[in-house]
Amino acid sequence: MPEFSLKSDPLVSHGRHFGRTVFALCNYPSLLTNGILCLEQLEDATLEDFFIRERREHRVFEKLLDSYPGLLERLREGSEEEILHVGELIGKGASAARGEDTKSLKPVVIDWIVPAGEVILPPLPRNSKINRGFNHPLTHLQSGVISVSGDQWPLFLYANEAYDPEDPWNGLLRTCLLINAFRHIFTSPSSVDREPKATRAGNARLHGMTAVTGASIAYVTTQVRFALCSSSVFSRTDTATDSETFYHSLLDLLEDPDEQGEVTDLLVWWNYQIFPTSSAAKGTPKTNSALSKIRQKCATALTAASIS
DNA sequence: AATCATTGACGGGACACACC
DNA sequence: GGTGTGTCCCGTCAATGATT
């Protein structure tokens with residue numbers, strides 16, 4: 001066999017990383033067709049004429065063009081089918097990566113929320129989600145609210161599981177649980193709780209990623225949220241889990257022009273946690289001993305943490 | 001009803017790389 | 001060489017929705 005295997009089309013690989021770091025949960029074939037259509041119409045209409053949601057999609061579209069050399073030409077010169085095909089490849093990558101991440105996060109997230117050495121009642125099996133979510137105090141996503149819709153944020157988003165009404169940014173998205181999940185997905189599973197000694201390049205290095213993006217934080221947070229809930233099937237349109245609304249609500253905040261000061265601080269903090277030696281983490285001390293101290297702090301804080 | 005297509009979870013295996 | 005670790009891909013299964 002001459003192996004006509006579509007051995008990892010570069011577009012699929014690109015889609016994996018693009019979904020994780022720029023925009024997940026998206027119908028890429030239609031994003032591309034709409035994007036091209038929009039470019040053609042742009043001469044006699046301004047972006048202001050489009051709805052907010054479409055503006056975001058168009059920004060994503062432009063980021064996609066920027067991130068893949070030659071893509072614009074390929075789409076411009078390609079037939080309608082070709083555009084759809086390219087979209088399918090990118091979407092296939094994004095979707096496969098998402099599926100693998102939910103798969104691998106499902107067991108390990110239990111290790112992160114169950115205090116070391118303790119026996120939990122009712123038990124939280126690593127391979128089953130049946131007791132998670134509202135069925136268990138450790139995974140109980142939110143207190144005092146019956147239905148969890150996507151735009152209500154669970155307390156695990158906040159450091160010490162505390163929301164500060166006076167200062168909504170206080171501790172927001174700065175938790176060990178999210179850092180762990182981010183490392184698990186982007187650097188390597190083994191880099192979560194020890195000094196990284198991976199023998200293979202993780203996803204970040206594989207794709208030349210040296211800085212955290214807001215969307216990647218939103219992505220990881222959405223993955224953790226799903227891992228903690230009792231639903232077994234991730235679906236973009238599932239109204240019970242509402243992952244897409246949740247993901248978008250995080251993006252809304254992280255892309256809000258009025259919040260860029262706070263967002264920049266947040267990204268610096270994250271970069272220091274994830275890429276301590278990269279220039280993206282400049283302005284903060286970055287010796288190895290300081291790093292291990294932080295990680296140690298993270299580990300101890302985590303054992304005491306509970307998701308209420 | 002019955003059938004088909006699509007989607008996602010899951011397990012497993014191929015492959016690549018860095019150590020011993 | 002062998003072993004451990006990680007990504008990527010594939011086959012299978014179940015659930016869901018659309019079509020007939």
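Throughout, a chain's letter reflects where its sequence line sits, starting with A, and its residues are numbered from 1.
The shortest distance between side-chain heavy atoms of Val263(A) and Trp169(A) falls below 4.5 Å. Under the 4.5 Å side-chain criterion, counting only non-hydrogen atoms from C-beta, Phe18(A) is not in contact with Tyr68(A). Side-chain contact between Phe234(A) and Leu25(A) is present, with at least one heavy-atom pair separated by less than 4.5 Å.
Trp153(A) and Ser249(A) share a side-chain donor-acceptor pair at under 3.5 Å.
Rounding to whole angstrom units, CG of residue Leu11(A) and C1' of dC9(C) are separated by 17 Å. In this entry the distance linking CZ of Phe234(A) with C1' of dA9(B) reads 13 Å, nearest Å. What separates CD of Glu244(A) from P of dG8(B) is a distance of 12 Å, to the nearest Å. His207(A) has its NE2 atom 17 Å from the P atom of dG6(C), to the nearest Å. Residue Arg20(A) contributes atom CZ, which lies 10 Å from atom C1' of dC8(C) at whole-angstrom precision. Between Lys92(A) atom NZ and dG8(B) atom P there is a gap of 14 Å when expressed in whole angstrom units. In this structure, the CZ atom of Arg16(A) is 4 Å from the P atom of dC8(C), given to the nearest Å. Rounded to whole Å, atom C1' of dA14(B) lies 14 Å from atom CD of Glu100(A).
For Thr102(A) and dA9(B), the shortest distance from a side-chain N or O to OP1 or OP2 is below 4.0 Å. For dT7(C), one of the phosphate oxygens OP1 or OP2 lies less than 4.0 angstrom from a side-chain nitrogen or oxygen of Asn203(A). Applying the 4.0 Å criterion to OP1 and OP2 of dT5(C), one finds that Ser188(A) has every side-chain N and O outside that range. Distances shorter than 4.0 Å separate some side-chain N or O of Arg98(A) from OP1 or OP2 on dA9(B).
The number of heavy atoms from other shown groups lying within 6.0 Å of CG (Asp256(A)) is above 12.
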Inset, instruction - Apply side chain to side chain donor-acceptor pair (under 3.5 Å) to Tyr219(A) and Asp101(A), showing your working. - result: CA-CA 10 Å; Tyr219(A) 173 78; Asp101(A) 292 341; 2.5 Å; yes
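Closest heavy-atom contact between Leu173(A) and Trp270(A): O-NE1, 2.9 Å.
Contact of Lys103(A) with dG11(B) (side chain to base): a donor-acceptor pair of N or O atoms is detected under 3.5 Å.
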Below 3.5 Å between N/O atoms, which protein atoms pair up with nucleotides 4-6 of chain B? Just atom names and distances, please.
none

